[in-house]
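Just the heavy atoms: all of them, side chains too, but no hydrogens, waters or symmetry mates, feed the values below.
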Amino acid sequence: MTNGGMGSCKRSATGMNEIYKEYDRCWLRYDETRHKNCLSDLGDAVKYLYFNKSGEISRNAYTELIEGITRMTGSRPADTSSLEGPCLVLSVFGMDPKVDSMLIEEDMQSMQVEGFLIKQVNKPPTARLLITSKSERGLLYGVFKFLLLLTQGKSLENIYLLENPKNKLRMINQWDNLDGSIERGYAGRSILYSDNVLAKDRERITFYARLLASIGINGIVLNNVNVHREETRLIDDRIDIVRQLADIFRGYGIRIYLSINFASPIDLGGLSTADPLDMDVADWWKKRADYIYSHIPDFGGFLVKADSEHRPGPYTYGRNHADGANMLAAALKPHGGLVIWRCFVYNCQQDWRDKVTDRAKAAYDNYKYLDGSFDANVILQVKNGPMDFQVREPVSPLFGAMEQTNMMLELQITQEYTGQQRHLCYLVTQWKEILEFDTYATGEGTPVKSIVDGSAFGREHCGMAGVSNIGSDHNWTGHYLAQANLYGYGRLAWDPDLSAEEITLDWIHCSFGNDPVVVDVVSEMLLSSWPIYESYTAPLGIGWMVNPNHHYGPNVDGYEYSRWGTYHKADFQAIGVDRTKVGGTGFTAQYREPNFLRFESLETCPEELVLFFHRLPYTYRLKSGKTVIQHIYDTHFLGVEQAKQLRSKWESLKGRVDTERFGHVLSRLNEQVEHAKEWRDVINSYFYRKTGIPDEKGRTIY
């Protein structure tokens, strides 16, 4: 295959079968089952396909539709040039007057540029089923939606389905390095790079582009936010690697971005400074942008991690982050490029003896005062919580605080602190809570999802970014069921109003079929897995009780005396951090009313976060009537039993799930049970030894 996306248009169903032997198909299985009822609703319409040939993305949409129907029916739809009889119709609006005549003005007024319409025209036996959009991207999304409906076995009789994405930017962040390693990667090596060159398996990269397009992703950052020496050169003499990847992803409507090193003018340009207000620095970046766009005209822009965890940034020169972001934005603006500026900035040299400095406050403190200072093509990318992707932490108060600034929500699909794809931890339920959190930014009813889709403050460039969880493992994600996190992220980025239950069922139908027993069991496992993981790990929002550096496994004091500022402050009497305005660090005051008072008061603070906001004696009684220490004991014992139940539920599917996936997931669940026991025993023993308070139920604590 050639490097460009065009090669993917020429693949055949037979050729794809050969590829599928090399790696899993994830949710693009299109198996020959489950389809007969919905296909029979359309009569002969699926036997013929009218396609108005246009651009590369449209041709890939055509190929996807042909492959999907062929795999599900065993018969390839025949191409037709006639619209007189029953057929599927695939066309971008404005490309074919005959197709456009099937639409009414209301259809086109409601459809956005990346939206699509699936519409039945006429009745069987002359029914025509139209898939159309105002753009090639939308056409591709419409095809994937149509194939999802077929996979689910839903009736398509008299269908009229118009969908628009809620978020303009729906991005994946790859934390891949050119040497093939992946920072916080738990599924093998990079599929993009190896030994500082582009990976040889271009077919797999193309398949990844298909996976992302199928869930509505329209942007990808190709390299790690921690930009090292080799990756710095991606905007220089390694630009051809970027160009080749752009050629692949372009065919599926995915625009490429790069993480950049803020000190590149020094490291690449030989300048003595990277001061964003230095004219030579600004000129260097302008010429660098011209150079990039001369190779990749549709390049998306830069992602920047600056002044964080030893990364260079404008603070080095006494400048603020608006100075740094706007300088880069000016270089990209003539080309239509964006600067995505990460707000993960905090003092990583904190002294654990310091009771005033609070890492949780850092993002707000560094950015709130700059609201309105950023140029129109700058977006602030904010992690979901104020710390770092913990199993439980509050929503970042920066959401809703920046009324005049473009904002993006950053989520971590890769499970750095949530089991590293060795434990089952389905994160869609967590993400739904985050998206629905009411910021009260414009009064009651201003959830995070309205901030990041731009509607709350009328911002143009907004959306969601997810840190990818894929690698070179056969199953892509290290754990077959972790595929659901990637799928779920994409679906939520497209439409945050979807329920976790709906997304879960869709993924199961696509991945495992429509066996009602499998659907019920896997759905129950996924939807219960996040609280189960939480129950045997970090209690009541305290977080961080992991081994330093690699972050896998329990270590209660792993970061307690660390410069990274992630403390629980447990002694023999009490645990937790007082973050109240009265008597604490004042973090609660960063939230708008009534969230401020809700977190400030012990009476109203959500108990799952109580130790994040308050310092409590172990004998304090929670609303359940249990003391804090008994809650810790009980949840950790319960978590192990629940992990065992996950395993038992999966074992009940033997013979209903293929041998490979059944065996793999069972081995992962076996590990999860044993590791949950380790978490239970380490955590419970630590607090028993710290407090001397026994378990009321007399269970074994070491």
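A donor-acceptor contact closer than 3.5 angstrom is absent between the side chains of Glu416 and Gln420. Between the side chains of Gln152 and Asn514, no donor-acceptor pair of N or O atoms lies under 3.5 Å. With hydrogens and angles left out, the side-chain atoms of Thr446 and Thr442 include a donor and acceptor closer than 3.5 Å. Inspection of the Trp175 and Thr414 side chains reveals no N or O donor paired with an N or O acceptor under 3.5 Å. In this structure, a donor-acceptor pair under 3.5 Å is present between the side chains of Tyr208 and Ser468. Trp341 and Tyr367 share a donor-acceptor pair across their side chains, judged by distance under 3.5 Å alone. For the residue pair Asp453 / Asn167, no side-chain donor-acceptor distance below 3.5 Å is found, with atom types taken as modelled. Donor-acceptor pairing under 3.5 Å is recorded for the side chains of Gln483 and Asp24. With hydrogens and angles left out, the side-chain atoms of His664 and Asn475 include a donor and acceptor closer than 3.5 Å. A donor atom on one side chain and an acceptor atom on the other are found under 3.5 Å apart for Thr405 and Asp371. Side-chain contact check for Glu136 and Ser58: at least one donor-acceptor pair (N or O, by modelled atom type) lies under 3.5 Å.
Scanning all heavy atoms of the two residues, the minimum distance from Val395 to Ile434 falls at CG2-CA, 4.0 Å. Taking all atoms of both residues into account, the shortest heavy-atom contact from Gln590 to Pro397 is OE1-CG, 3.3 Å. Taking each heavy atom of Val143 and Ala61 in turn, the nearest pair found is CG1-O, 3.7 Å. The shortest non-hydrogen separation linking Phe612 to Pro394 is CE2-CG, 3.5 Å. The two atoms that bring Phe146 and Leu65 nearest to each other are CD2-CD1, 3.5 Å, heavy atoms only. Residues Val518 and Phe512 approach most closely at CG1-CB, 3.8 Å, considering heavy atoms.
Annotation: ring-ring contact (aromatic ring centres under 6.0 Å, His included) contacts of Tyr533 (sequence neighbours excluded): His423, Tyr536. The salt bridge (Lys or Arg N to Asp or Glu O under 4.0 Å) search around Arg592 returns Glu403, not counting sequence neighbours.
For Tyr426 and Trp530, the distance between ring centers is not under 6.0 angstrom. If you look at Phe344 and Tyr346, their ring centroids are closer than 6.0 Å. Residues Tyr186 and His479 place their aromatic rings such that the two centres sit no closer than 6.0 Å. Taking the six-membered ring for Trp and the full ring otherwise, Phe613 and Phe599 have centroids separated by under 6.0 Å.
Here the side chain of Arg647 pairs no donor or acceptor atom with the backbone of Arg668 at under 3.5 angstrom. Formation of a donor-acceptor pair under 3.5 Å by the Arg137 side chain with backbone atoms of Gly216 is not found in this model. Under a 3.5 Å cut-off, the side chain of Gln421 and the backbone N or O of Gln415 do form a donor-acceptor pair. Using a distance-only test at 3.5 Å, with no hydrogens or angles considered, no donor-acceptor pair links the side chain of Asn224 to the main chain of Val227. Judged purely by atom type and a 3.5 angstrom limit, Glu607 has no side-chain atom pairing as donor or acceptor with the backbone of Leu540. In this structure a side-chain-to-backbone donor-acceptor pair under 3.5 Å is missing from Ser133 to Phe116. A distance-only check finds a donor-acceptor pair linking the side chain of Ser450 to the backbone of Pro447 [under 3.5 Å]. Looking only at distances, no side-chain donor or acceptor of Asn595 sits under 3.5 Å from a matching main-chain atom of Tyr591. With hydrogens and angles ignored, the 3.5 Å screen pairs a side-chain donor or acceptor of Gln390 with a backbone N or O of Asp388. No side-chain donor-acceptor contact under 3.5 Å links Trp476 to the backbone of Gly471.
Taking the side chain as every heavy atom from C-beta outward, Thr439 and Ile451 approach each other to under 4.5 Å. Within the 4.5 Å cutoff, the side chain of Leu338 has no heavy atoms near those of the Leu332 side chain. Considering only heavy atoms from C-beta on, Met408 stays 4.5 Å or farther from Val452 through its side chain. At a threshold of 4.5 Å between non-hydrogen side-chain atoms, the residues Val467 and Ile413 do not count as touching. No side-chain heavy atom of Lys449 sits under 4.5 Å from any side-chain heavy atom of Ser455. Side-chain contact between Ile217 and Met171 is absent, with no heavy atoms from C-beta onward closer than 4.5 Å. Counting only heavy atoms from C-beta outward, the side chains of Ile69 and Tyr30 never approach each other to under 4.5 Å.
Aromatic ring orientation, Tyr417 versus Trp544: perpendicular (interplanar angle above 60°, classes split at 30° and 60°).
For the atom pair Cys343 SG and Lys368 NZ, the distance stands at 13.0 Å (nearest 0.5 Å). Note that CG of Asn223 and OH of Tyr257 are 14.0 Å apart. Values are rounded to the nearest 0.5 Å. Rounding to the nearest 0.5 Å gives a distance of 11.0 Å between OG of Ser529 and CD of Gln642. Note that the CD atom of Glu410 and the CG atom of Asn384 stand 8.5 Å from one another [nearest 0.5 Å]. How far NZ of Lys166 is from CD of Glu163: 9.0 Å, rounded to the nearest 0.5 Å. The CD1 atom of Ile248 sits 4.5 Å away from atom OG1 of Thr206, with the distance rounded to the nearest 0.5 Å.
No salt bridge links Arg71 with Glu67; every basic N to acidic carboxylate O contact stays at or beyond 4.0 Å. A salt bridge links Lys649 to Glu524: one of the charged nitrogens lies within less than 4.0 Å of a carboxylate oxygen. Using a cutoff of 4.0 Å between basic side-chain nitrogens and carboxylate oxygens, Arg392 and Glu433 are scored as salt-bridged. Checked for salt-bridge contact, Asp495 and Arg170 miss the test: no charged N lies under 4.0 Å from a carboxylate O.
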| task | Dump the intermediate steps for ring pair (Phe, Tyr, Trp, His ring centres under 6.0 Å) on His474 and Tyr23, then the final yes or no. | result | CA-CA 4 Å; His474 172 80; Tyr23 47 80; 7.6 Å; no

| Candidate pair Asn177 and Glu183, rule side chain to side chain donor-acceptor pair (under 3.5 Å), full reasoning | CA-CA 8 Å; Asn177 301 311; Glu183 183 163 339; 5.3 Å; no

| request: Let me see the working for Ile379 and Met407 under side chain to side chain contact (heavy atoms under 4.5 Å, CB included), right down to the final yes or no. | output: CA-CA 5 Å; Ile379 310 168; Met407 303 285 282; 5.6 Å; no

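A cation-pi arrangement, defined by a distance under 6.0 Å to the six-membered ring centre and an angle within 45 degrees of its axis, is absent between Lys119 and Tyr160. Taking the ring centre of Phe207 as origin, the terminal cationic atom of Arg25 falls outside the region bounded by 6.0 Å and 45° from the ring axis. A cation-pi arrangement is absent between Arg491 and Trp507 under the rule of less than 6.0 angstrom and at most 45 degrees off the ring axis. In this structure, Arg255 is not positioned above the aromatic face of Phe299 in the sense of NZ or CZ being under 6.0 Å from the six-membered ring centre and within 45° of the axis.
Among residues at least two apart or in separate chains, salt bridge (Lys or Arg N to Asp or Glu O under 4.0 Å) pairs with a member in residues 459-482 are Lys168-Glu460.
Heavy atoms from other residues, nucleotides or ligands lying under 6.0 Å from CD of Glu444 number 12 at most.
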